[in-house]
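Worksheet: one structure, shown below.
So you know, we letter chains A, B, ... as the sequences are listed, proteins then strands, and number each from 1.
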There are 2 protein chains.
Amino acid sequence: MTDSDIPWLDEQEMHLWRRWLRVETELPAALGRALGQTSDLSMQDFETLVRLSESPEHRLRISALAEQMHWERSRLSHHLRRMSARGLVDKQDCKEDGRGSFVALTEAGMAALEQAAPDHVRAVRALFLDGATEDEKVVLGRVLDRVLERVAD
Amino acid sequence: MTDSDIPWLDEQEMHLWRRWLRVETELPAALGRALGQTSDLSMQDFETLVRLSESPEHRLRISALAEQMHWERSRLSHHLRRMSARGLVDKQDCKEDGRGSFVALTEAGMAALEQAAPDHVRAVRALFLDGATEDEKVVLGRVLDRVLERVAD
DNA sequence: ATCACTTACTTGACACGTCATTCAGATCGG
DNA sequence: CCGATCTGAATGACGTGTCAAGTAAGTGAT
């Protein structure tokens, strides 16, 4: 089998694909670095805290949180154990279902989120959102939607 | 400090940002799963093999490869050790510089690449490239370029 | 009530990435 | 030359993610 038998990408496609791959790795890396400089939170910590802060009573069933974040349960379980050890969240058992648990934001978690959020939001704007005009954002959103459909489990 | 003091994202921005985050994690996951079903290669293995196959004599200095791939040297070092143990690549020392090394594709590595490539390329098209029209690809490329500039080290 | 099945979550082993460190071999100033 | 420094690469410790297995509690049929 020679190269010509492979339905390879042409130059345009390859260029677009490789730029995608680079952004996919470097954007979160840059945002993570920025976030780490003004807080002790990772992007994952931040996202977790945001989801909780948006929830009634600042708490959620663990599986509900996992579903919202599109995380595997075991990943979330590991992560919450670490965040809990750092005092950012708190696990509470669930009266209605003896198997289940809630996770709740602690005071410290809320404080960490509020302290970190402004810089992080600024960074998301500076590195990502401001990179596209309004029209381009519309196109980008459309493309992302289609990719998500194709990827959907 | 209350929520209103935080320069949060509006609904449009948040929606776009979260879709981006989802695609950023789920697209590589889906491609990795697909690749894993028809080969024993990860996306990282594949990318490494492609770079080598595109190089003269199918080999490169390790630091050159790291630079091409935008990988940290130690990451590449770890990865090449594993790939080498699986017989996909081969390390050779460099006459001109006693510190340096080359990595070369093995026969098995080339065979694995050629076997995996068609399906992988099809998957990249099906999940990503076909999600955008030609016009949208132009826009997407422009946006990715701008984001890369902003992220650039 | 009991036994099988499902659900909610945890755990442990392992793969990968990062960071700091190490080490040999270049390179360069004196 | 020779010591200081730099460079290419490997290594070890550690954090995080995945997958498979485990535990405990709910559900449901008989």
So which atom in B/Ser39 and which in B/Leu41 form the shortest heavy-atom distance, rounded to 0.1 Å?
OG-N, 3.1 Å
CD (B/Glu13) and NE2 (B/His15) are apart, to the nearest 0.5 Å, by 13.0 Å
If you compare all heavy atoms of A/Arg86 against all heavy atoms of A/Asp40, which two are closest, and at what distance to 0.1 Å?
NH2-O, 2.8 Å
What is the 5' to 3' range of DNA chain C, first to last nucleotide, that sits under 4.0 Å from any heavy atom of chain A?
C/dT7 to C/dG12
Mind checking if A/Ser63 touches a base, just sugar-phosphate, or nothing, with heavy atoms under 4.0 Å?
sugar-phosphate
B/Arg81 atom CZ is separated from D/dT11 atom P, nearest whole Å, by 7 Å
For D/dA10, take OP1 and OP2 only and decide whether either is under 4.0 Å from a side-chain N or O of B/Lys91.
yes
Answer with yes or no whether the hydrophobic clustering places A/Met43 together with B/Met14; edges join I, L, V, M, F, W, Y residues whose side-chain heavy atoms lie under 4.5 Å apart.
yes
In B/S/- notation, 5' to 3', how is nucleotides 15-23 of chain D contacted by protein heavy atoms closer than 4.0 Å?
-SSBBB---
Quick one: CZ on B/Phe128 to CG on B/Leu27, what's the gap to the nearest 0.5 Å?
7.0 Å
Taking side chain as C-beta onward, heavy atoms only, is B/Trp71 less than 4.5 Å from B/Thr48?
yes
N/O donor-acceptor pair under 3.5 Å between A/Arg73 side chain and A/Ser63 backbone
no
Contact list please: residues 94-106 of chain B against DNA chain C, heavy atoms, distance less than 4.0 Å, in numerical order.
B/Asp97, B/Gly98, B/Arg99
With distance as the sole test, does A/Gln68 use its side chain to make a donor-acceptor pair with the main-chain N or O of A/Leu65 at under 3.5 Å?
no
Taking the side chain from B/Asp45 and the backbone from B/Ser42, do they hold a donor-acceptor pair closer than 3.5 Å?
yes
In terms of heavy-atom contacts, B/Gln92 and B/Ala104 come closest through NE2-CB, 3.5 Å
